[in-house]
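Letters go in sequence order (proteins before strands), and every chain restarts at 1. Bear in mind the structure is a predicted one, so any value in this text is a computation, not a measurement. As a basis for the values below, the full set of heavy atoms in this structure was taken, side chains included, without hydrogen atoms, waters or symmetry mates.
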There are 2 protein chains.
Amino acid sequence: MDEEWLDIGEVAARSGLAPSALRFYEKRGLIEALGRNGLRRTYRPDVLERLALISCARGAGFTIAEITRFLVADPDDSGLRDRMAAKALELDLRIAQLDRLRASLRHAATCTHEPLVECPEFKRAVGAVAAATAL
Amino acid sequence: MDEEWLDIGEVAARSGLAPSALRFYEKRGLIEALGRNGLRRTYRPDVLERLALISCARGAGFTIAEITRFLVADPDDSGLRDRMAAKALELDLRIAQLDRLRASLRHAATCTHEPLVECPEFKRAVGAVAAATAL
DNA sequence: CTGCGACTTGAAGTACGGTTCAAGTCAAGA
DNA sequence: TCTTGACTTGAACCGTACTTCAAGTCGCAG
């Protein structure tokens with residue numbers, strides 16, 4: 001143990017991803033294998049960090065293609081930081097939107113209007129979310 | 001004009017949704033037509049409110065099936081508010097996660113590490129997001 | 001009354017992000 | 001040595017959310 005590589009099964013177990021997902025990511029250029037142990041892919045241990053980054057970005061709504069663009073960027077890709085800054089701005093909007101939606105849900109969860117969809121406060125809140133979405 | 005119903009084309013134009021999307025929503029039980037004008041569906045004007053609600057929920061990551069469950073609930077469905085409160089809690093987690101991700105992106109956009117993925121601060125931030133995701 | 005154009009239908013297609021399948025291969029343990 | 005079990009492959013399939021297609025139908029302007 002304590003080898004300088006991890007078997008795909010090991011990576012799958014530690015990352016919580018299925019081997020099929022790892023192969024899928026490889027096909028998409030998100031990760032690459034170090035080599036093979038027989039037929040089995042082996043990975044450098046730091047692939048786990050990369051997978052954490054990928055999962056985190058996926059969870060935030062980035063597509064595989066977007067993540068690939070971030071990860072395979074040339075070190076001298078001056079556009080990378082710009083794209084990240086742009087993504088941060090997108091997140092600002094998204095977070096604000098979710099905040100409003102959460103407020104609507106919280107009101108809905110406690111208000112006593114029947115039916116809920118007729119609650120004026122709820123309708124107002126939904127209207128605010130919708131108006132912001134349209135922009 | 002000023003009729004008590006809207007043609008599907010009118011609804012599509014005002015809601016920003018394609019007629020095909022409206023038919024799709026109808027099939028899924030999200031909306032229903034008032035009647036027909038010839039072959040064409042007609043809707044009550046308040047369908048626009050409902051569509052705003054749907055778009056807003058979709059934007060927040062709710063699936064069609066989830067939205068249906070909220071919209072077709074019996075007025076006396078005591079579980080509705082509970083589900084909404086649960087969704088609000090889900091949103092809490094999601095928002096917190098996006099906040100962390102945004103912080104990572106903001107750091108990334110301004111830090112000068114090359115390559116970025118090796119930046120210790122960035123790695124730390126990604127690790128924090130990943131740790132939170134795992135929960 | 002005729003033609004245009006926007007709708008109608010069900011079925012098939014698209015994009016995304018994978019999973020599942022059948023058949024085969026390999027390393028390691030008994 | 002032989003079996004076992006986890007991997008290998010490409011291809012097919014899945015669910016979500018729609019769009020597009022072909023063929024048909026209708027209201028309305030001219």
Side-chain angles (χ1 to χ4, degrees), chain A residues 1 3-44 47 50-72 87 90 94 133, chain B residues 1 3 5-43 47 50-72 87 90 94 133:
Chain A
M1 58 191 68
E3 322 222 31
E4 71 281 5
W5 53 262
L6 298 172
D7 186 277
I8 188 175
E10 197 66 17
V11 173
R14 293 199 199 176
S15 67
L17 296 165
S20 62
L22 298 179
R23 289 195 299 271
F24 178 76
Y25 286 170
E26 184 175 321
K27 228 177 276 178
R28 287 288 190 279
L30 281 175
I31 58 173
E32 54 183 79
L34 173 62
R36 298 288 177 120
N37 176 24
L39 278 187
R40 296 180 193 187
R41 286 162 177 80
T42 56
Y43 294 94
R44 287 171 38 194
V47 80
R50 198 175 178 102
L51 289 172
L53 174 55
I54 292 168
S55 296
C56 141
R58 286 279 306 121
F62 289 67
T63 66
I64 295 285
E66 281 174 328
I67 299 169
T68 303
R69 287 211 307 282
F70 285 119
L71 288 180
V72 306
K87 270 294 169 186
E90 273 180 38
R94 184 157 183 75
T133 306
Chain B
M1 59 192 70
E3 323 221 32
W5 52 262
L6 298 172
D7 186 278
I8 188 176
E10 197 66 17
V11 174
R14 293 200 200 174
S15 67
L17 295 165
S20 61
L22 297 178
R23 288 196 300 271
F24 178 76
Y25 285 171
E26 184 175 322
K27 229 176 278 178
R28 286 288 189 279
L30 280 174
I31 58 175
E32 55 183 81
L34 172 63
R36 299 288 179 121
N37 175 23
L39 278 187
R40 296 179 194 189
R41 286 163 177 81
T42 56
Y43 296 94
V47 79
R50 196 174 178 102
L51 289 171
L53 175 55
I54 292 168
S55 296
C56 141
R58 286 277 307 117
F62 289 67
T63 66
I64 295 284
E66 281 175 327
I67 299 168
T68 304
R69 287 211 307 281
F70 284 118
L71 288 180
V72 306
K87 270 293 169 186
E90 273 180 37
R94 183 159 182 73
T133 306

A.B. asks: Which residue lies toward the 5' end of DNA chain C, A:Arg58 or A:Arg40, if each is placed at its nearest nucleotide?
C.D. replies: A:Arg58

A.B. asks: Specify the residue among B:Asn37 and A:Asp7 whose closest nucleotide of DNA chain D lies further upstream toward the 5′ end.
C.D. replies: A:Asp7

A.B. asks: Which heavy-atom pair separates A:Tyr43 from A:Ile31 by the least distance, and what is that distance?
C.D. replies: CE2-CD1, 4.0 Å

A.B. asks: Rounded to whole Å, how long is the line connecting atom CZ of A:Arg36 with atom C1' of D:dC7?
C.D. replies: 10 Å

A.B. asks: Could you grab the distance from atom CG of B:Leu71 to atom CZ of B:Arg28, nearest 0.5 Å is fine?
C.D. replies: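 Taking CG in B:Leu71 and CZ in B:Arg28, the distance rounds to 14.5 Å.
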
A.B. asks: Roughly how many Å is it from CG in A:Leu39 to C1' in D:dT4, rounded to a whole number?
C.D. replies: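 Value for this atom pair: 16 Å.
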
A.B. asks: Do other residues, nucleotides or ligands put more than 12 heavy atoms under 6.0 Å from B:Glu32 CD?
C.D. replies: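 No, because the 6.0 Å sphere around CD of B:Glu32 holds 12 heavy atoms or fewer from other groups.
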
A.B. asks: Shoot me the first and last contacting nucleotide of DNA chain C against chain A, ordered 5' to 3', at under 4.0 angstrom to non-hydrogen atoms.
C.D. replies: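 First-to-last contact on DNA chain C, by the 4.0 Å heavy-atom rule, is C:dG17 to C:dA27.
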
A.B. asks: Do you know the tightest heavy-atom contact between B:Arg50 and B:Leu30?
C.D. replies: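 Scanning both residues, the minimum pair turns out to be NE-O, 2.8 Å.
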
A.B. asks: Determine whether A:Ile54 and A:Leu17 make a side-chain contact, defined as any pair of heavy atoms from C-beta on separated by less than 4.5 Å.
C.D. replies: no

A.B. asks: Rounded to the nearest Å, what distance is computed from the CZ atom of residue B:Phe62 to the P atom of nucleotide D:dA17?
C.D. replies: 12 Å

A.B. asks: Specify the separation, in whole Å, of atom CD1 of B:Ile64 and atom C1' of D:dT16.
C.D. replies: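 After rounding, the gap between these two atoms is 9 Å.
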
A.B. asks: Tell me, which of residues 15-30 of chain A have any heavy atom that sits under 4.0 Å from an atom in DNA chain D?
C.D. replies: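 Those residues are A:Arg23.
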
A.B. asks: Do NZ/NE/NH1/NH2 and the carboxylate oxygens of B:Arg94 and B:Glu90 come within less than 4.0 Å?
C.D. replies: no

A.B. asks: Nearest whole Å is fine: how far is D:dC26 C1' from B:Arg41 CZ?
C.D. replies: 14 Å

A.B. asks: Please report the interatomic distance CZ(B:Arg58) to CG(B:Leu51), rounded to the nearest 0.5 Å.
C.D. replies: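 Going from the CZ atom of B:Arg58 to the CG atom of B:Leu51 covers 13.0 Å.
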
A.B. asks: Between B:Ile8, B:Val11, B:Asp7, which is the residue that forms a side chain to side chain contact (heavy atoms under 4.5 Å, CB included) with B:Pro19?
C.D. replies: B:Ile8

